[in-house]
Amino acid sequence: MIPLTHFLIVGACLFAIGLYTVMARRNAILVLVGIELMINAAILNLVAFSRYDKTVYGGQAFALFAIVLAAAAVAVALAIILNAYKFYKSVNPEDIRNLKD
């Protein structure tokens, strides 16, 4: 049986990679990928903690809810990125400054 520490280390590595991707990339699509990596790290931790809680499967329920929310967030974010690309002809977040128009 794999100990809980291994799951937490993998989750922390995924979260760190996602955070680096969000901070270092200048492309809106890659920023979205980094956010998804961070959400997946949180989901991995929820499932790992749920594995060691045999009485209540709350972690798995929260993980399923987080997966649904992540899918909805990706759909909305991609729609926003496509509309911003149509108007600004760029997916660089620094080029998109005045969204008040």
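Numbering of residues begins at 1 and proceeds along the displayed sequence.
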F7 CZ: over 12 foreign heavy atoms closer than 6.0 Å: yes
Partner set under side-chain hydrogen bond (donor to acceptor under 3.5 Å, both in side chains) for R26, not counting sequence neighbours: E94
Can you list the other members of the hydrophobic cluster that holds V33, where links are side-chain heavy atoms under 4.5 angstrom apart? none
Other hydrophobic cluster members with V76, side-chain heavy atoms of Ile/Leu/Val/Met/Phe/Trp/Tyr under 4.5 Å, chained? I80
Considering residues at least two apart in sequence or located in another chain, which fulfil the side chain to side chain contact (heavy atoms under 4.5 Å, CB included) criterion with L69? F65
Among residues at least two apart in sequence or on other chains, which ones pass side chain to side chain contact (heavy atoms under 4.5 Å, CB included) with L64? none
Give every residue pair that meets the salt bridge (Lys or Arg N to Asp or Glu O under 4.0 Å) criterion with at least one member in residues 61-70, sequence neighbours excluded. none
In this structure, would M23 and I17 fall into the same cluster of hydrophobic residues linked by side-chain contacts under 4.5 Å? no
Students should find that the hydrophobic cluster of I9, defined by side-chain heavy atoms under 4.5 Å apart, otherwise consists of none
Just grab all the salt bridge (Lys or Arg N to Asp or Glu O under 4.0 Å) pairs involving residues 60-86, residues at least two apart or on different chains. none
Tell me the closest heavy-atom pair linking A77 and L32, and the distance in Å. CB-CD1, 3.6 Å
Please check if V31 and F15 belong to a single hydrophobic cluster, counting links between Ile, Leu, Val, Met, Phe, Trp and Tyr side chain heavy atoms closer than 4.5 Å. yes
Restricting to pairs with a member in residues 2-25, which pass side chain to side chain donor-acceptor pair (under 3.5 Å), not counting sequence neighbours? none
Distance-only check: which donor-acceptor pairs under 3.5 Å involve side-chain atoms of residues 34-48, not counting sequence neighbours?
residue: N40; atom: ND2; partner: E36; partner atom: O; Å: 3.3

4.5 Å side-chain heavy-atom contact, I29 and I81: yes
